[in-house]
A.B. asks: 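One structure, pasted below without further comment.
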Amino acid sequence: MIDLSRQVAIVTGAGGGLGRSHAHLLAARGAHILVNDLGEGAETVAAEICRKGGSAIAFQGSVTDADAMQSMADTAMAHWGRIDILVNNAGILRDKTFAKMPLSDFQLVLDVHLTGAANCTKAVWQVMRDQGYGRIVMTTSSSGLYGNFGQSNYGAAKLGLVGLMNTLALEGKKYGIHVNCLAPTAATQMMEGILPAEQLERLDPGRVSPAVLALCSKDAPTRQILCAGAGGFELAHITLTRGIHIADGPDMAETLLERWSELTDRSREIIPEQGFDQSRLELEKAGYTSPDQAAE
């Protein structure tokens with residue numbers, strides 16, 4: 001059994017829905033919980049956890065306010081002296097086709113999901129570095145990974161979180177900080193009107209929260225995109241095909257299109273460890289041999 005006793009977890013957007021479910025499960029496994037949300041829901045969920053014998057406090061504040069999120073982290077430190085877990089769950093929807101979407105709605109969704117997660121992560125990052133331990137979960141979405149009609153703002157923000165996760169996982173590795181993404185499918189207020197009732201019944205948030213518990217555990221992986229919903233769990237990957245090399249010439253673009261089917265060959269695709277792996281692959285195909293390779 002995963003035991004989070006004496007660990008401290010911050011869960012944003014935890015006044016209802018997925019965040020509430022995450023907070024309750026982490027508390028049931030022994031973690032002290034700071035419940036964040038904009039309104040009174042934070043107080044309600046903290047009280048629910050305490051009535052069940054858990055340990056929780058509430059902090060009302062917007063993830064878009066960096067100063068407030070720093071105050072939130074300071075509050076957790078004042079109460080418990082450490083921060084082990086951050087679940088970046090807070091989010092909103094402003095769905096419209098891109099043609100009809102005001103840029104203010106585009107920016108707002110980016111501010112809440114992407115910048116909000118960065119604000120919260122920045123507030124706990126140094127604490128986790130100093131501890132030599134931390135678990136951070138970013139909430140991404142299949143809308144960002146694969147696209148959804150009418151969700152250009154949401155999709156952009158959610159895939160941005162994957163980029164943030166990729167880099168922070170690299171930077172946090174030597175400090176014992178594991179950073180992962182969760183792509184949930186759950187019946188929340190954000191899903192109302194999107195799916196029929198009989199499907200929503202199967203998408204209970206409680207069937208997603210075990211994924212969060214796993215990603216917050218001592219044995220959690222790092223730099224993974226874990227998808228979860230209705231009791232199903234999958235991993236998503238951003239891969240790179242082997243591709244081709246085209247000699248210099250005036251018809252490089254035309255040749256590229258002619259040989260497009262070769263680019264789509266996934267038989268030797270890789271999952272790059274870091275962004276530089278793309279340039280290494282391209283230089284290798286161009287005939288460049290690094291000094292290290294030459295020595296071998």
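Since the model is a prediction, treat every value here as computed from it, not as a measurement.
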A.B. asks: Is there a path of hydrophobic side-chain contacts, each under 4.5 Å between heavy atoms of I, L, V, M, F, W or Y residues, that connects Leu38 with Val63?
C.D. replies: no
A.B. asks: Looking only at heavy atoms, which two atoms of Leu182 and Ala228 are closest? And how far apart?
C.D. replies: CD1-CB, 4.1 Å
A.B. asks: On the 0 to 90° scale, with breaks at 30° and 60°, tag the His32-Trp80 ring pair as parallel, tilted or perpendicular.
C.D. replies: parallel
A.B. asks: First locate atom CD of Glu258, then atom CG of Asp251, and finally report the distance between them rounded to the nearest 0.5 Å.
C.D. replies: 7.5 Å
A.B. asks: Is there a donor-acceptor contact under 3.5 Å from the side chain of His178 to the main chain of Ala220?
C.D. replies: yes
A.B. asks: Between Asp105 and Met101 (side chain of the first, backbone of the second, donor and acceptor by atom type, cut-off under 3.5 Å), is there such a pair?
C.D. replies: no
A.B. asks: Any donor and acceptor pair, going by atom type alone, linking the side chain of Ser217 with main-chain N or O of Ala214 inside 3.5 Å?
C.D. replies: yes
A.B. asks: Determine the minimum heavy-atom distance between Ala27 and Ile49, stating which atoms define it.
C.D. replies: CB-CG2, 3.5 Å
A.B. asks: Enter the distance from His79:NE2 to Asp74:CG here, rounded to the nearest 0.5 Å.
C.D. replies: 12.5 Å
A.B. asks: Between Thr44 and Glu40, is there a donor-acceptor pair closer than 3.5 Å when you use the side chain of the first and the backbone of the second?
C.D. replies: yes
A.B. asks: Where do Met128 and Tyr133 land on the side-chain contact (heavy atoms from CB on, under 4.5 Å) test, with the steps shown first?
C.D. replies: CA-CA 5 Å; Met128 291 182 173; Tyr133 184 88; over 6 Å; no
A.B. asks: Taking all heavy atoms of Leu25 and all of Pro210, pick out the closest pair and write down the distance.
C.D. replies: CD2-N, 3.7 Å
A.B. asks: Looking only at heavy atoms, which two atoms of Val11 and Gly19 are closest? And how far apart?
C.D. replies: CG1-O, 3.7 Å
A.B. asks: So, for Leu145 and Ala236, which heavy atoms are closest and what is the spacing to 0.1 Å?
C.D. replies: CD1-CB, 4.0 Å
A.B. asks: Mark yes when over 12 heavy atoms from residues, nucleotides or ligands other than Tyr146 sit less than 6.0 Å from its OH; otherwise mark no.
C.D. replies: yes
A.B. asks: Taking the side chain as C-beta and beyond, is there a heavy-atom pair between Leu161 and Leu114 under 4.5 Å?
C.D. replies: yes
A.B. asks: Please lay out, stage by stage, how His237 and Gln224 fare under the test side-chain contact (heavy atoms from CB on, under 4.5 Å).
C.D. replies: CA-CA 8 Å; His237 297 289; Gln224 299 296 307; 4.3 Å; yes
A.B. asks: Do you know which two heavy atoms are closest between Ala14 and Ala23, and how far apart they sit?
C.D. replies: CB-CB, 4.4 Å
A.B. asks: Side chains of Ile225 and Thr140: closer than 4.5 Å at any heavy-atom pair?
C.D. replies: yes
A.B. asks: Could you walk me through whether Ser152 and Lys96 pass side-chain contact (heavy atoms from CB on, under 4.5 Å), step by step?
C.D. replies: CA-CA 8 Å; Ser152 58; Lys96 285 184 180 178; over 6 Å; no
A.B. asks: Which value, rounded to the nearest 0.5 Å, describes the distance between Gln60 atom CD and Glu43 atom CD?
C.D. replies: 5.5 Å
A.B. asks: Determine whether Leu213 and Val35 fall in the same hydrophobic cluster, where Ile, Leu, Val, Met, Phe, Trp and Tyr are linked whenever their side-chain heavy atoms lie under 4.5 Å apart.
C.D. replies: yes
A.B. asks: Could Asp204 and Arg202 be called an ion pair, given the rule that one side-chain N must be under 4.0 Å from one carboxylate O?
C.D. replies: no
A.B. asks: Got a donor-acceptor contact below 3.5 angstrom from the Asn88 side chain to the Thr139 backbone?
C.D. replies: no
A.B. asks: Does CG in Leu257 sit with more than 12 non-hydrogen atoms of other residues, nucleotides or ligands closer than 6.0 Å?
C.D. replies: yes
A.B. asks: Test of understanding: clusters of I, L, V, M, F, W, Y form through side-chain heavy atoms closer than 4.5 Å, transitively. Do Tyr175 and Leu86 belong to the same one?
C.D. replies: yes
A.B. asks: So for atom CD, which belongs to Gln274, do other residues, nucleotides or ligands contribute more than 12 heavy atoms lying within a distance under 6.0 Å?
C.D. replies: yes
A.B. asks: Verify side-chain contact (heavy atoms from CB on, under 4.5 Å) between Arg29 and Asp3, making sure each step is shown before the conclusion.
C.D. replies: CA-CA 6 Å; Arg29 294 304 183 96; Asp3 185 3; 5.9 Å; no
A.B. asks: Side-chain contact test, heavy atoms from C-beta onward, threshold under 4.5 Å: evaluate it for Ile10 versus Ile85 and give yes or no.
C.D. replies: no
A.B. asks: Counting distance only, does the side-chain N/O of His22 pair as donor-acceptor with the main-chain N or O of Leu18 below 3.5 Å?
C.D. replies: yes
A.B. asks: Of Leu235, Leu226, Leu215, which meets side chain to side chain contact (heavy atoms under 4.5 Å, CB included) against Pro221?
C.D. replies: Leu215
A.B. asks: Taking side chain as C-beta onward, heavy atoms only, is Leu26 less than 4.5 Å from Leu4?
C.D. replies: yes
A.B. asks: Determine, for Glu284 against Arg242, whether the closest basic-nitrogen to carboxylate-oxygen distance falls under 4.0 angstrom.
C.D. replies: yes
A.B. asks: Can you get from Ile92 to Tyr154 by hopping between Ile, Leu, Val, Met, Phe, Trp and Tyr side chains that sit under 4.5 Å apart?
C.D. replies: yes
A.B. asks: Kindly say whether Leu263 contributes a backbone atom to a donor-acceptor pair with the side chain of Thr241 at under 3.5 angstrom?
C.D. replies: yes
A.B. asks: Could you tell me the separation between the SG atom of Cys227 and the CZ atom of Phe233, rounded to the nearest 0.5 Å?
C.D. replies: 11.0 Å
A.B. asks: Taking C-beta and beyond as the side chain, do Asp277 and Arg280 meet within less than 4.5 Å on heavy atoms?
C.D. replies: yes
A.B. asks: I'd like to know if Lys285 pairs up with Glu282 as an ion pair, taking the criterion as any Lys NZ or Arg NE/NH1/NH2 lying under 4.0 Å from an Asp or Glu carboxylate oxygen.
C.D. replies: no
A.B. asks: Is Asn36 reaching over with its side chain to a backbone N or O of Ala58, donor-acceptor style, under 3.5 angstrom?
C.D. replies: no
A.B. asks: Are side-chain heavy atoms of Asp84 and Arg6 found at a separation under 4.5 Å?
C.D. replies: no
A.B. asks: If only atom types and distance count, is the side chain of Asn180 paired as donor or acceptor with the main-chain N or O of Arg223 below 3.5 Å?
C.D. replies: yes
A.B. asks: Within this structure, what is the CD1-CD distance for the pair Ile246 and Glu254, rounded to the nearest 0.5 Å?
C.D. replies: 10.0 Å
A.B. asks: Between Asp95 (side chain only) and Gln151 (backbone N and O only), is there a donor and an acceptor less than 3.5 Å apart?
C.D. replies: no
A.B. asks: Is any side-chain heavy atom of Ile83 closer than 4.5 Å to one of Gln7?
C.D. replies: no
A.B. asks: Give a yes or no on whether Leu283 and Leu240 share a hydrophobic cluster (residues Ile, Leu, Val, Met, Phe, Trp, Tyr; joining criterion: side-chain heavy atoms under 4.5 Å apart).
C.D. replies: no
A.B. asks: As an exercise, state the distance from OG1 of Thr167 to CE of Met165, rounded to the nearest 0.5 Å.
C.D. replies: 9.5 Å
A.B. asks: Are side-chain heavy atoms of Ile177 and Trp125 found at a separation under 4.5 Å?
C.D. replies: yes
